[in-house]
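Chain naming here is simple, since letters A, B, ... match the order of the sequence lines and numbering starts at 1 in each.
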Amino acid sequence: MTVDNVPNVRTCITPLEENIRVLEQDRVGELSNKKKFNRKRKKIDVDIVIVGSGPAGMMAAITAAKQGVPSILLVDENHLIGGQLVKQSHKFFGSEEEKAGTRGIDLAVELMEQVNSVKTIQSMLKTTIIGCYNGKKNHKLIAIKRLIEGDQLIEINSKSVIFACGAMENMLAFPGNDLPGVYGAGGVQTLMNVYGVKPGKKVLMVGAGNVGLIVSYQLLQAGVNVDRVVEILPKIGGYNVHAAKLRRCGVPIYTSHSIKEVYGNGKVEGAILVAINNSFKPIPGTEQKVSCDTVCIAVGLTPSIRLLEQIGAKTEFIAEAGGHVAIHDSSMQTSVKGVYVAGDSSGIEEASTAMIEGQLAGISAATLLGYDKQADMLKKKYRKALEGFRSGPFGIKPKICKEKIACCWNGGINY
Amino acid sequence: MSDKVFICRCEDLTEEEIKQAIDEGYTTLEELKCKLRLGMGPCQGRGCLSLARRILCQKTDKTTEEITLPPSRPPVIPVSLGTLASDEK
Ligand SMILES: Cc1cc2nc3c(=O)[nH]c(=O)nc-3n(C[C@H](O)[C@H](O)[C@H](O)COP(=O)(O)OP(=O)(O)OC[C@H]3O[C@@H](n4cnc5c(N)ncnc54)[C@H](O)[C@@H]3O)c2cc1C
Ligand code: FES
């Protein structure tokens, strides 16, 4: 999209302002004559830079600061601090210590206040890391900061880097998937819970994992009609409590069903569903029409690892992680010395475990720089907490994921 | 109504175009990228690479693990040359 004459803008993360002009753009955009860049490039030297201010990134920053690291930079491309937490208006599951029962948005504020109260942490929002280079002594990250006067280029030199960039939503391929009204679940959640905008009047939810179930319930809370939830697998993937809540509100959940196509004239007017057999093939003759104006896709996430690749971290495809991930040791260090990963970027999991992984990465990075106060004891504590989370019935997938990562780390990948 | 299935929205690539290129012998994501600009739009493949990978799996009888993703290169978002060429202070 083109925004205020600047082409190629990702409108999904650009806040709407008064008198802003948003235009559709067909492939190549045209740049206006107006100068839209800031001539002052900047250089910053820090001890630790953290990419992403979600639960993992914030905890990494707070933990490293507590260890005494003198200069920590927390960078996020969003204009809000908190990553996924800023749109999670529901109460969290998990243990007391990791803030179960707290709403994601409240947790974001709580952690943000902690981050802001520490003088050694500098947070930089509206700033995207666009490239990373692995140097002998320092790592170099190139960032673009969006300012009113135009974009500014920032060169960050850091002794250590923690990537906590979260994940990307998966999309689906079906006819009509480009019609306005087809959304990712995360996008719908942002619209409703961050900006207070309803995505439509009647929604078809695709995917009955926790995200699909929770967003469906939040749609109902916002007064939007949810026609049904369809799930290609023969069983509901999310927690029973979330599914039960929806069922009590009269929303049917169709397992072994998928979306065949979406139709409409210039926008979504309805969808055609189809039943799926045991080998995941559509069963002809079972098609049914559903009228709706919004189709919400909640079919999983893929870890964001592109920057990790650029810096040279070794990656592997691990199905349980949600895609390719950077392999790491039990201290969250990747194959590149001084480069760490935490949270969804190291395998899709939960906010609670993202926080603990962030703490581990923060301790490890601090230790590498010589700030090793009680490091071994703390690491042990965090590893134990992670183990605890992954030992329950819903921890099986992340447990396998992390076992495979450990296996890759140790050189063997014969599974 | 559109019966096209879009795989790469940024570069306007449909499932059909990708399948056709695979039939012509472009059987890796890197080759599809060179041939069709798959994953070279403003989002740099966020949306399309895993969808295209699925098509490749089906058409070439490979598993997801066997298909390598094209390497990631800077910049991951569009940046104007003016910004890249800016001076220090
Ligand atoms: C609907 C829904 C419900 C959920 N419910 C729960 C729950 O009840 N309990 C629970 O424990 N978990 C829950 N989760 C999962 C939880 O939200 C995530 O696992 C967690 O947020 C991951 O944290 P993170 O820090 O790894 O990444 P994120 O929170 O995704 O943060 C990553 C940040 O990195 C930034 N970033 C990425 N790339 C760049 C770049 N190049 N430059 C600068 N910044 C960048 C992004 O803008 C983002 O802010 C839920 C998730 C969803 C979608
Ligand atoms: S969807 Fe293919 S590059 Fe953006």
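Contact annotation: the side chain of B:L56 approaches that of B:L32 to within less than 4.5 Å [non-hydrogen atoms, C-beta and beyond]. Side chains of A:S258 and A:F174 form no contact here, defined as non-hydrogen atoms less than 4.5 Å apart. The shortest distance between side-chain heavy atoms of B:K35 and B:E24 falls below 4.5 Å.
The contact between A:L172 and chain B is made by backbone and side chain atoms together, counting heavy-atom distances below 4.5 Å. Only the side chain of B:R9 comes within contact range of chain A, with heavy atoms under 4.5 Å apart. Looking at B:C43, only its backbone comes within 4.5 Å of chain A, counting heavy atoms on both sides. B:I55 does not touch chain A: none of its heavy atoms, backbone or side chain, sits under 4.5 Å away.
The pair A:K140-A:E155 meets the salt-bridge criterion, with a side-chain N (NZ, NE, NH1 or NH2) lying under 4.0 Å from an Asp/Glu carboxylate O.
Nearest heavy-atom pair across A:C401 and A:A321 is SG-CB, 3.6 Å.
The choice from A:Q310, A:K42, A:E309 that makes the most heavy-atom pairs within less than 4.5 Å of chain B is A:Q310.
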